2 protein chains.
Amino acid sequence: MVEGGGSDSLLFLTDEQLKKGIEAMFFAYRGFTADPDRILENYAYGRAHHRAIHFINRSPQTTVNNLLSILGVTKQSLNRVLRRLIDDGLVESRVGKRDKRERHLVLTQKGAALEAELSEAQRSRMRAAFRAVGPDAVTGFRQVLEAMMDVDMRHHFSLLKETE
Amino acid sequence: MVEGGGSDSLLFLTDEQLKKGIEAMFFAYRGFTADPDRILENYAYGRAHHRAIHFINRSPQTTVNNLLSILGVTKQSLNRVLRRLIDDGLVESRVGKRDKRERHLVLTQKGAALEAELSEAQRSRMRAAFRAVGPDAVTGFRQVLEAMMDVDMRHHFSLLKETE
DNA sequence: TTGGAAAGTCAACAAGGCTGACATAAAATC
DNA sequence: GATTTTATGTCAGCCTTGTTGACTTTCCAA
């Protein structure tokens with residue numbers, strides 16, 4: 001599909017290319033969530049539980065408020081999910097030491113076990129994809145994704161990067 | 001692809017790197033859907049309507065069954081969404097000529113207008129991201145996403161690529 | 001001491017998944 | 001020609017996960 005833009009290729013910015021990027025995101029995200037979804041079914045949990053477990057594992061001792069800002073849902077919605085994880089003994093809620101109003105969330109052994117199972121499934125697919133395309137493609141992948149995030153989410157994402 | 005884990009880097013396959021890829025997907029997908037979501041609110045439609053509109057636009061005259069296999073939902077679920085789009089005059093359902101059991105779906109002018117609005121918002125963000133990182137990164141992005149899809153979805157995706 | 005922040009909870013609602021059952025029309029097959 | 005299969009549509013009911021709004025308790029901080 002030939003466009004203007006001289007001989008140096010801006011062809012990767014055509015609407016066609018952009019639409020392909022959009023569809024790639026759609027189909028890839030489905031693949032991305034497919035394996036954990038299957039596992040979660042066995043425990044009668046949903047994606048919301050997975051997300052909570054994931055981010056509690058990433059940042060042990062995180063507070064409810066912090067988790068809320070990462071997940072971008074209402075506290076009522078998170079509470080329903082968290083309530084069950086706590087009742088089921090996957091998550092422990094500890095009263096803050098400095099600030100006793102805060103609750104610090106950590107995975108129990110049981111919670112960590114499920115996290116490991118979910119994470120391994122997801123990493124396994126990601127690993128296969130990364131291996132198939134090589135490190136340069138992976139770099140590009142990460143760059144585009146980061147550029148596509150909302151700015152405030154980029155902040156949460158970079159926090160992880162610093163642990164490199 | 002270099003293997004063997006000597007001094008040449010397989011570091012991009014560490015669990016740390018894979019987890020970063022996972023979080024990047026999570027946060028980026030949120031950004032990816034944020035703009036259309038805001039627009040859809042004005043019309044009291046949801047993401048499910050967006051998806052239907054998108055794929056009908058991509059493949060005019062597509063059948064209900066084909067749409068079902070692309071979207072991966074039940075016909076009851078799709079029907080609810082489609083029903084409303086038809087009643088609202090965004091989608092037209094035409095009886096098939098060769099096979100009268102089939103319904104061929106097309107966007108009306110009104111439907112095409114909403115599609116354009118949604119698509120432009122989404123392309124706009126994608127364009128900014130692509131522009132910010134350059135063509136090589138975009139290539140890597142597409143390669144990783146395609147490698148991450150389920151095989152049958154890769155088929156649907158490639159159909160689009162052939163129109164290049 | 002008082003105002004605001006952190007967390008939790010109740011109630012009600014909506015979107016959009018799901019299953020199961022059933023209906024109709026038309027094509028395909030025997 | 002009779003029967004089976006396919007494509008579609010629809011009813012009913014259920015679940016998860018999001019929402020808003022109201023209200024409480026605890027506790028920090030000004």
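Every chain is numbered from 1, with letters handed out A, B, ... down the list of sequences. Please read all numbers here as calculations on a predicted model, not as lab measurements.
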**OP:** Measure across B:Ile56 and B:Leu105 and return the closest heavy-atom pair with its distance rounded to 0.1 Å.
**Re:** CG2-O, 3.7 Å

Subject >> Closest to the A:Glu102 side chain, choosing from C:dG17, C:dA7, C:dG8 >> reply: C:dA7

Original post:
Among B:Leu118, B:Ile53, B:Thr33, which residue meets the side-chain contact (heavy atoms from CB on, under 4.5 Å) test with B:Leu40?
Top reply: B:Leu118

Original post:
Without hydrogens or angle criteria, can the side chains of B:His156 and A:Glu23 be said to hold a donor-acceptor pair below 3.5 Å?
Top reply: no

Subject >> Pairs where residues 25-40 of chain A contributes a residue and the test salt bridge (Lys or Arg N to Asp or Glu O under 4.0 Å) is met, not counting sequence neighbours >> reply: A:Asp35-A:Arg38, A:Asp35-A:Arg125, A:Asp37-A:Arg47

Between N or O atoms, less than 3.5 Å apart, protein on one side and nucleotides 21-23 of chain C on the other: list the pairs.
none

Subject >> Short N-O contact, B:Lys110 and B:Asp88, less than 4.0 angstrom >> reply: no

**OP:** May I ask you to decide whether B:Arg83 forms a salt bridge with B:Asp87, counting only side-chain N to carboxylate O separations under 4.0 Å?
**Re:** yes

Original post:
In the 5'-to-3' direction, what one-character label does each nucleotide of nucleotides 25-30 of chain C receive under the scheme B = base within less than 4.0 Å of a protein heavy atom, S = sugar-phosphate only, - = no such atom?
Top reply: -BS---

**OP:** Describe, as an angle rounded to 10 degrees, how the axis at the first end of the helix from C:dT1-D:dA30 to C:dC30-D:dG1 is tilted relative to the axis at the last end, five pairs per end.
**Re:** 20°

Original post:
So what does A:His104 hit on the nucleic acid, given a heavy-atom distance under 4.0 Å: a base, only sugar-phosphate, or nothing?
Top reply: nothing

Original post:
Distance from B:Arg58 atom CZ to A:Lys19 atom NZ, nearest 0.5 Å?
Top reply: 11.0 Å

**OP:** Identify, between A:Arg103 and A:Val81, the residue whose nearest nucleotide on DNA chain D lies closer to the 5' end.
**Re:** A:Val81

Original post:
Using a heavy-atom cut-off of 4.0 Å to chain B, what are the terminal contacting nucleotides of DNA chain D, in 5' to 3' order?
Top reply: D:dT6 to D:dC11

Original post:
So B:His50 and B:His54, would you call those rings parallel, tilted or perpendicular, with 30° and 60° as cut-offs?
Top reply: perpendicular

**OP:** Tell whether B:Arg80 reaches the base of C:dG17 with its side chain through a donor-acceptor pair below 3.5 angstrom.
**Re:** yes

Subject >> B:Arg94/B:Glu92 salt bridge by N-O under 4.0 Å criterion >> reply: yes

Original post:
Ring centres of A:Phe55 and B:Phe26 under 6.0 Å apart?
Top reply: yes

Original post:
Do B:Lys20 and A:Glu146 sit within salt-bridge range, that is, some charged N less than 4.0 Å from a carboxylate O?
Top reply: no

**OP:** Quickly work out the A:Arg84 CZ to C:dT9 C1' distance and round it to whole Å.
**Re:** 18 Å

Original post:
A:Leu68 CG to C:dA5 P: how many Å, rounded?
Top reply: 15 Å

**OP:** By nearest nucleotide on DNA chain D, pick out whichever of A:Ser77 and A:Val95 is the more 5' one.
**Re:** A:Ser77

**OP:** Specify the separation, in whole Å, of atom NE2 of B:His49 and atom P of C:dA15.
**Re:** 8 Å

Subject >> Check: B:Phe141 ring centroid to A:Phe141 ring centroid under 6.0 Å >> reply: no

Subject >> A:Val64 and its side-chain contact (heavy atoms from CB on, under 4.5 Å) partner, picked from A:Arg103, A:Lys75, A:Glu102 >> reply: A:Arg103

Original post:
Looking at residues 30-41 of chain A, who's got a heavy atom less than 4.0 Å off DNA chain D?
Top reply: none

Subject >> A:Ser69 side-chain N/O to A:Asn66 backbone N/O, donor-acceptor pair under 3.5 Å >> reply: yes

**OP:** Any chance you could measure B:Arg142, atom CZ, to A:Phe12, atom CZ, to the nearest 0.5 Å?
**Re:** 12.0 Å

Original post:
Checking A:Arg154 side chain against A:Met149 main chain: does a donor-acceptor pair fall under 3.5 Å?
Top reply: yes

